[in-house]
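Below is one structure, written out as structure tokens, with a few remarks after it.
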Amino acid sequence: MKKYIPSDIEPKWQKKWEEDRLYEVDLSDAVRRQYILIEFSYPSGDLHMGHWFAFAVPDILARFRRMQGYNVFFPNGFDAFGLPAENAAIKKGIHPRDWTLSNIEKMKQQFKTMGASFNWENEVITCLPEYYKWNQWIFLKMLGKGIAYRGKALANWCPNCQTVLANENVEAGKCWRCGTEVIQKQVEQWFLKLTEYADRLLWKDNPIVDWPKAVREGQNNWIGKSEGMILDFDGVEVFTTRPETTDGATFLVLAPEHSMIGKFTIAENKNDVDSYIKQVKNKTELERKEGREKTGVFTGSFVKNPVSNKEIPVWVADYILMGYGTGAIMAVPYADERDKEFAEKFDLPIIKTSFKAKPQGKQKVNYHIHDWSISRQRYWGTPIPVIYCDTDGMVSVPEKDLPVELPYEVDYAPKGKPPLATAEDWVEVSCPKCGKSAKREVETMDTFVDSSWYFFRYLDPKNSQQIFKKEVVEKWLPLDIYFGGAEHTLGHTLYSRFFTKFFHDLGLISFEEYARKRVNRGLILGPDGQKMSKSRGNVVNPDEQVKSYGADAVRLYLAFIGPYAGTVAPWDNSGLNGVYHFLQRVWGLADKIGSNLQGNDLEARRMMHKTIKRVTEDIEANKFNTAVAGMMEWLNYLSRKDQISQDEYRTLLFLLAPFAPHITEELWEKISQKYSIHQASWPVFDEKSLEEEELPLIVQVNGKVRDVIMIQKDIISNKEVIEKKGKGSVKVAKYLEGTSVKKIVYIEGKVLNFIV
RNA sequence: GCUGAUGUGGUGGAAUGGCAUACACGUUCGCCUUAAGAGCGAAUGCCCAAAAGGCAUGUGGGUUCGACUCCCACCAUCAGCACCA
């Protein structure tokens with residue numbers, strides 16, 4: 001047989017599978033369904049190794065389930081709104097829409113070289129009006145229920161991007177996109193009321209869905225529920241989780257943004273207080289986080305401690321945050337580390353608390369999580385469907401007028417005002433209520449809105465009447481498995497849970513969790529063990545690897561490198577060469593096919609069924625690495641034989657098909673003249689064939705292994721005979737000599753242990 | 001500081017109460033080859049010339065006939081959060 005040259009066979013089969021629509025799914029049939037999903041990608045225009053790891057390995061599971069007879073839905077799409085498109089446009093003068101759509105085309109071509117079995121016919125691209133129309137529809141529903149609202153809050157503001165940033169987008173005090181230092185600024189913006197759902201988003205101890213503990217705990221910490229009390233100190237409300245320590249409260253601290261500072265500040269302290277507040281305002285997020293040294297200023301006033309009845313001083317300090325609780329605390333330096341540090345620095349009294357105080361107050365639950373600010377002063381996003389009218393105020397765009405399409409011609413250079421404001425013809429609109437001239441909202445939505453519900457839309461992407469058909473969604477969701485990156489623990493996966501619960505409350509769906517199982521994948525590093533990055537020059541280009549070794553080898557290597565969840569391993573080119581070698585040996589093994597498997601060749605039969613069992617169970621547990629190892633072991637066994645059977649070779653191809661779809665299709669055609677191996681049935685192992693008539697038994701003396709003896713299966717339960725056999729072993733006898741056996745432990749079929 | 005995860009050969013890793021180091025890479029030796037590469041075969045945890053034997057799964061303890069695996073304490077690394085009252 002001619003040599004295995006991947007580039008000769010891979011494009012050929014990819015084209016044929018596409019023409020034959022081999023993986024097309026019938027969504028009306030959900031009896032045995034599997035909805036397998038990977039977080040969709042941002043269309044950066046280049047498919048890197050991270051994408052291969054993210055998409056090619058779960059494709060193994062999708063193909064495996066299909067061969068098992070499941071109706072598999074495995075869609076893909078693009079998270080296509082967002083800043084990079086706009087930045088590229090500013091830099092290169094290409095329109096964000098053109099840049100994005102051409103990148104999508106390019107990436108889809110690259111995706112095809114992977115040989116993955118995606119349902120592209122259900123593709124979702126979030127920057128197209130047929131998708132974002134429904135973002136706007138959801139927004140209006142939220143507005144109607146009071147879940148979306150206009151509010152003012154201190155926000156992370158990037159002076160360079162001229163936009164509000166979510167906490168998740170601030171990295172070490174800097175903007176995640178441009179690296180500029182983020183400052184705090186009071187801004188009016190659109191919010192989604194995450195806090196209303198905080199309690200329901202908290203994970204219980206034994207959740208009904210299988211999500212990693214790291215994700216559940218991470219989300220719970222982020223939500224940060226704490227139960228306490230609101231106490232009144234002469235009109236100042238404070239929040240405390242330790243009301244029993246109120247007798248030890250020796251001063252009061254207000255956040256620098258607190259509204260009652262003016263009331264408490266006496267004339268001679270006014271200058272000091274004002275200059276302190278000014279100084280705090282000018283601090284960047286980074287300075288506030290790094291400068292842990294306590295600072296503060298005395299207002300000059302006192303309030304009465306309701307428990308001790310003592311007059312205590314009122315201070316202003318930036319270690320108290322306006323965004324949490326009431327923005328004011330009673331300081332108990334005896335019980336609280338931070339208060340103690342402050343008291344020591346400013347020489348304030350520290351008195352012992354009895355921990356028995358019972359102040360008057362009302363119970364209060366506080367959350368660390370804030371409402372979600374979705375306003376973005378940028379162009380490339382979903383327009384918020386709201387109109388401002390001088391007469392009627394803020395008016396929703398009527399549902400029939402959706403989508404509010406993003407205008408093509410705008411000046412999207414950052415100028416301190418939102419780019420959409422420059423599209424004057426678009427901004428000018430007549431009020432839906434009174435018909436007089438009015439103006440459109442010029443802010444766009446955070447792209448995390450787009451990705452919060454895209455897996456619903458995959459099921460009905462072309463529906464122009466409804467967000468989705470309820471019947472289809474009820475049949476196919478929740479997802480059977482959702483693969484993604486650990487970086488989405490606090491952002492995307494939490495927001496999606498929020499949207500799912502909102503959809504539930506709207507009556508659109510009956511379930512409240514959207515994924516039965518979540519798997520956080522690991523990370524492939526550069527060959528130097530560092531994160532792959534262009535600036536480090538350690539990026540491994542998958543296209544080049546595919547050219548030299550083929551997509552099948554790259555897929556197999558990524559599956560083999562370690563357990564899929566959590567492994568962080570460097571790319572190793574000789575490791576890739578190793579699996580390429582394995583594929584070559586599979587190719588060459590076809591020359592050894594002889595007669596059919598002999599009925600009396602029990603060992604060969606056992607090896608085959610053992611491998612089927614192992615590969616099946618390992619794929620089901622997402623242990624792709626050990627599934628590959630199992631096939632390698634079997635290949636080593638088969639290679640030692642002069643001749644192998646049709647049955648063995650076919651089984652090997654079936655097991656390998658999900659991992660290496662091209663080479664197996666080619667070999668399957670060669671040996672059987674059939675097509676396609678990917679529509680064949682997954683082999684089923686036969687328990688009977690796994691049975692052995694002789695079993696190895698470990699013989700120990702004082703718990704140390706001294707010999708392994710073969711035991712006939714029919715005497716396995718006969719302790720006396722086994723003991724005799726064990727004593728009969730020369731190696732064991734050596735250790736029993738001159739000793740007396742105190743006890744004999746026999747665990748049937750596993751171990752025999754002499755205690756001397 | 002809090003939360004979570006992880007710790008096994010030169011490397012990626014396997015084994016989740018019963019032969020530690022499967023599988024693969026790398027390395028060494030041999031065969032083949034004009035040569036290189038590829039291919040094929042053998043060896044490869046550590047100590048010991050070898051055998052015999054002993055020692056080894058971050059450290060220390062415990063449970064057990066038996067512990068990489070379960071329990072307790074500690075150390076280290078990684079990730080996320082962090083002046084949250």
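Being a predicted model, the structure only gives us computed values, none of them experimental. Values below: all heavy atoms of this structure, side chains included; hydrogens, waters and symmetry mates excluded.
- Note on Lys623(A): only backbone sugar-phosphate atoms sit closer than 4.0 angstrom, heavy atoms only; bases stay farther off.
- The closest side-chain donor-acceptor pair between Thr195(A) and Asp371(A) falls under 3.5 angstrom.
- In this structure, Tyr564(A) places its OH atom 17 Å from C1' of G12(B), rounding to the nearest Å.
- Note on Asn636(A): every side-chain N or O is 4.0 Å or more away from OP1 and OP2 of A22(B).
- Annotation: A5(B) and G10(B) have their C1' atoms spaced 26 Å apart (nearest Å).
- Within 4.0 Å (heavy atoms only), Asp336(A) reaches no atom of the nucleic acid at all.
- Out of C83(B), G18(B), A24(B), the shortest distance to the side chain of Leu321(A) is found at C83(B).
- Ion pairing of Lys362(A) with Glu227(A) is absent here, as no side-chain N (NZ or NE/NH1/NH2) approaches a carboxylate O to less than 4.0 Å.
- When the C1' atom is compared between A22(B) and U8(B), the two are found 13 Å apart, to the nearest whole Å.
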Given Watson-Crick or G-U pairs with both distances under 3.5 Å, what dot-bracket string fits RNA chain B, with | for other-strand pairs and [ ] for crossing? (((((((..(((.....[....)))((((((.......))))))(((.....)))..(((((..]....))))))))))))....
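- Classification of Lys345(A) and Glu293(A) as a salt-bridged pair holds, one side-chain N sitting under 4.0 Å from a carboxylate O.
- A salt bridge between Glu692(A) and Arg606(A) is present, with a side-chain N of the basic residue lying under 4.0 Å from a carboxylate O of the acidic one.
- Across C31(B) and A20(B), the matching C1' atoms stand 33 Å from one another, rounded to whole Å.
- Comparing A24(B) with A14(B), their C1' atoms sit 11 Å apart, to the nearest whole Å.
- Nucleic acid contact for Ile747(A): base, since at least one base atom lies under 4.0 Å from a heavy atom of the residue.
- For the pair Lys225(A) and Asp199(A), the salt-bridge criterion is met [side-chain N within less than 4.0 Å of a carboxylate O].
- Phosphate proximity of A38(B) to Tyr4(A): absent, as no side-chain N or O sits under 4.0 Å from OP1 or OP2.
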